[in-house]
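Working notes for the structure below.
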There are 2 protein chains.
Amino acid sequence: MEFRQLKYFTVLAEELNYGRAAAKLHISQPPLTRQIQQMEEELGVQLFLRTPKGVELTAAGQLFLEDAVNVMALMQRATERTQLAGSGHLGRIDVGIFGSAMLNVIPRLLLTFRNLYPNVDMALHNMNKTQQIEALREKRLTIGFNRIIPESDDMVIERVLTERILVAVNRSHKFAYLREIPLPDIANQPLIVFPKIARPSFADDVIALCRAEGFHPNIVQEVEDVVTGVALVSSGFGISMVPESGANLKLPGVVYRPLKKTPSPSIDLSCVYRKNDQSPILQAFLDIIRAYRNTSFPIDTHSSS
Amino acid sequence: MEFRQLKYFTVLAEELNYGRAAAKLHISQPPLTRQIQQMEEELGVQLFLRTPKGVELTAAGQLFLEDAVNVMALMQRATERTQLAGSGHLGRIDVGIFGSAMLNVIPRLLLTFRNLYPNVDMALHNMNKTQQIEALREKRLTIGFNRIIPESDDMVIERVLTERILVAVNRSHKFAYLREIPLPDIANQPLIVFPKIARPSFADDVIALCRAEGFHPNIVQEVEDVVTGVALVSSGFGISMVPESGANLKLPGVVYRPLKKTPSPSIDLSCVYRKNDQSPILQAFLDIIRAYRNTSFPIDTHSSS
DNA sequence: TCATAGCAATACCTTGAAGGTATCAAAAGA
DNA sequence: TCTTTTGATACCTTCAAGGTATTGCTATGA
């Protein structure tokens with residue numbers, strides 16, 4: 001049984017006349033006769049009763065007609081769904097997220113993606129860079145976001161954007177009265193760094209930044225993430241350094257100040273995905289990331305709550 | 001898209017290796033490659049990723065695989081259902097019934113049919129012979145049962161069986177003491193005849209029987225059906241003549257006696273169906289009727305309640 | 001009653017596409 | 001580096017789908 005025959009059958013069942021049905025199918029009448037004969041032979045069932053005025057469906061033919069219509073509709077739907085999936089408009093994307101990027105950049109990307117590809121399911125998974133790489137290898141993740149991602153043969157790391165590093169201080173701290181913080185002044189301040197797992201991390205960047213300036217920072221606490229770090233700043237535990245998008249985190253008594261240095265010390269946010277992943281959904285997502293890359297994300301570094 | 005291609009696709013999706021898949025399909029590898037290429041071109045979607053070790057499904061391919069399996073299963077089911085319908089094992093039969101035949105013959109036929117063709121829906125419709133013919137013409141009925149059916153060009157009337165005519169009398173009636181009732185003795189008895197609609201009917205047969213014997217029956221009541229007639233006999237209203245299968249109707253004080261005449265007066269039960277109806281369900285049903293035709297239905301004419 | 005029109009079926013030819021064999025190109029493994 | 005394994009390509013053969021011409025049947029109208 002071929003789809004062609006199903007099509008011929010349904011048209012003949014509609015027209016109930018070989019000549020008209022053949023015309024509608026843009027073939028001549030004899031091939032139609034033969035195809036229907038062949039179907040009847042293959043099924044071992046008479047589908048049409050030949051009458052002097054044309055044909056009519058047998059009971060078996062009526063039953064088969066219903067199913068034939070269903071089969072063709074299902075095939076049509078399958079084709080359309082597959083084409084949607086092939087163009088990235090249907091399917092699923094699993095995104096690994098971690099840290100301060102979730103406070104600003106990633107939500108914007110996700111929102112844009114959802115608007116453009118409403119039929120793609122999006123799942124967010126909170127994991128650190130090590131877990132992300134592992135999950136990517138096991139195809140549990142389509143793409144991961146992180147800072148300072150180790151190179152890997154089977155992964156592509158792509159910069160999403162570069163942010164200034166800001167100093168988070170308590171409003172009561174003397175730094176709060178400065179517009180910019182001179183880096184050397186940090187030397188003796190109690191410094192809170194993060195994250196403490198999955199090194200090297202942003203914490204190492206901060207430390208390296210200090211060392212390049214010629215001093216060793218006074219680290220009073222390593223915490224797991226930016227939220228905990230800023231929470232400690234809020235309670236007067238010390239000061240911290242955060243990526244610019246972390247400044248979206250408004251906690252009582254916390255203000256953010258840029259470092260006094262040119263060029264401004266900065267940290268990259270990157271994404272990572274499988275080198276051999278050609279899936280259209282990933283490509284679509286990457287297109288959005290690339291469109292965002294050079295967009296500025298102005299952040300009011302002087303606001304606080 | 002052809003079923004052949006769906007089949008090739010599912011096998012390749014299972015084997016994930018062109019060579020093995022082609023072997024399983026009993027074709028060589030190049031045609032398989034070409035058919036898959038053709039599918040991908042037609043859909044405009046890559047279904048497989050070619051890897052050095054073989055192939056793997058893309059996300060779109062996985063989606064299409066699910067649907068392809070469904071399409072093939074639905075087609076398979078359609079084929080089987082159609083073949084069942086074509087052999088009379090699936091579908092529907094509408095049977096018109098009327099009168100005393102419902103008391104014995106028809107239930108046996110229906111029971112036999114249901115046992116042999118459990119997937120055929122049976123619907124019974126109580127209608128008189130006029131209504132049956134009309135319903136047959138409008139295809140609301142597949143077959144009708146009745147007595148004395150008028151000839152018709154587009155209908156076939158076929159005898160189902162021939163029954164003796166019995167006399168139904170009240171146990172207190174003098175006839176109850178006879179083993180057989182001489183027909184002339186009926187002349188002055190109060191006679192109940194039926195049915196009163198859709199003449200000519202069994203009633204006319206009874207009247208004709210009497211006239212042939214040289215007398216005009218003393219009809220005291222015409223009733224609609226055998227049940228009403230026998231009910232009147234039960235209450236002592238008069239005597240009646242009923243087809244043998246009517247003797248299955250046990251009402252208080254009613255006994256049945258054969259007529260004393262050789263050959264025994266009889267009445268046919270017939271069925272009627274459309275001359276051009278070749279439906280396998282009807283043919284199957286007719287086969288059962290014909291098998292029953294020459295079977296005797298022994299009825300104990302002397303029992304009563 | 002015969003001629004005609006309209007229908008599906010058949011005979012016969014043409015062509016396109018599916019399948020086969022041989023071979024190539026690329027990559028992995030020994 | 002050579003061999004093996006994989007999918008892709010080139011080219012040929014064959015079979016079946018489609019076309020034209022025609023037949024056979026039946027209902028209908030003159």
Side-chain angles (χ1 to χ4, degrees), chain A residues 1-58 60-61 65 68 72 153-154 274-278, chain B residues 1-43 45-58 60-61 65 68 72 137 153-154 274-278:
Chain A
M1 193 65 56
E2 297 299 330
F3 277 106
R4 183 173 6 87
Q5 295 173 308
L6 291 187
K7 181 65 186 166
Y8 290 2
F9 171 75
T10 54
V11 171
L12 179 57
E14 191 182 339
E15 293 293 333
L16 296 176
N17 174 300
Y18 272 83
R20 285 199 306 275
K24 205 167 180 177
L25 290 164
H26 307 108
I27 60 173
S28 61
Q29 171 258 317
L32 179 57
T33 293
R34 260 182 289 127
Q35 289 298 323
I36 299 294
Q37 282 175 335
Q38 196 172 314
M39 287 179 77
E40 290 183 326
E41 192 175 346
E42 184 177 340
L43 289 169
V45 172
Q46 192 171 2
L47 298 171
F48 291 99
L49 291 172
R50 278 65 171 179
T51 70
K53 318 176 188 176
V55 294
E56 60 186 52
L57 280 169
T58 62
L65 176 59
M72 292 195 302
D153 272 354
D154 53 345
R274 287 186 297 279
K275 187 174 278 177
N276 63 7
D277 188 345
Q278 296 300 316
Chain B
M1 192 65 56
E2 296 299 330
F3 278 105
R4 182 173 6 89
Q5 294 173 309
L6 291 187
K7 180 65 186 166
Y8 289 3
F9 170 75
T10 54
V11 171
L12 180 56
E14 191 182 339
E15 293 293 333
L16 295 176
N17 174 301
Y18 273 84
R20 284 200 305 275
K24 205 166 179 178
L25 289 164
H26 306 109
I27 60 173
S28 61
Q29 172 257 317
L32 179 57
T33 293
R34 261 183 287 127
Q35 290 297 322
I36 300 294
Q37 283 175 335
Q38 196 173 315
M39 288 179 76
E40 290 184 325
E41 192 176 347
E42 184 176 340
L43 289 169
V45 173
Q46 193 171 3
L47 299 171
F48 291 99
L49 291 172
R50 276 67 170 178
T51 69
K53 316 176 189 175
V55 294
E56 59 186 54
L57 280 169
T58 62
L65 176 59
M72 292 195 301
R137 291 218 171 85
D153 272 354
D154 52 347
R274 287 185 297 279
K275 188 174 280 178
N276 63 8
D277 188 346
Q278 297 299 316

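The chains referred to below are lettered A, B, ... by the order of the sequence lines, with proteins before strands, and numbering in each begins at 1.
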Rounded to the Å, how far apart are [X] [atom1] and [N] [atom2]?
{"X": "B/Glu56", "N": "D/dT6", "atom1": "CD", "atom2": "P", "answer": "15 Å"}
{"X": "B/Asn17", "N": "D/dA8", "atom1": "CG", "atom2": "C1'", "answer": "14 Å"}
{"X": "B/Glu15", "N": "D/dG7", "atom1": "CD", "atom2": "C1'", "answer": "16 Å"}

Can any side-chain N or O of B/Gln29 pair as donor or acceptor with the backbone N or O of B/Ala22 at less than 3.5 Å?
no
For A/Met1, is there any backbone N or O sitting under 3.5 Å from a side-chain donor or acceptor partner on A/Glu42?
yes
Distance (rounded to the nearest 0.5 Å) between [X] [atom1] and [Y] [atom2]:
{"X": "A/Lys7", "Y": "A/Glu2", "atom1": "NZ", "atom2": "CD", "result": "16.0 Å"}
{"X": "B/Ile27", "Y": "B/Leu32", "atom1": "CD1", "atom2": "CG", "result": "5.0 Å"}
{"X": "B/Leu12", "Y": "B/Lys24", "atom1": "CG", "atom2": "NZ", "result": "11.0 Å"}
{"X": "A/Asp154", "Y": "A/Arg274", "atom1": "CG", "atom2": "CZ", "result": "9.5 Å"}

Answer whether the closest heavy-atom distance between the side chains of [X] and [Y] falls below 4.5 Å.
{"X": "B/Phe48", "Y": "B/Thr58", "result": "no"}
{"X": "B/Thr10", "Y": "B/Leu6", "result": "no"}
{"X": "B/Tyr18", "Y": "B/Arg50", "result": "yes"}
{"X": "A/Thr33", "Y": "A/Gln37", "result": "yes"}

Output one line per pair: protein atom, nucleotide atom from nucleotides 24-29 of chain D, and distance, for all N/O pairs under 3.5 Å.
none

What's A/Phe48 touching, base or sugar-phosphate or nothing? Going by heavy atoms closer than 4.0 Å.
nothing
Considering only heavy atoms of chain A and a distance under 4.0 Å, specify the first and last nucleotide of DNA chain C in 5' to 3' order that meet this criterion.
C/dC7 to C/dT10
When you measure from every atom of DNA chain D, which of residues 26-39 of chain A have a heavy atom less than 4.0 Å away?
A/His26, A/Ile27, A/Ser28, A/Pro30, A/Pro31, A/Arg34, A/Gln35, A/Gln38
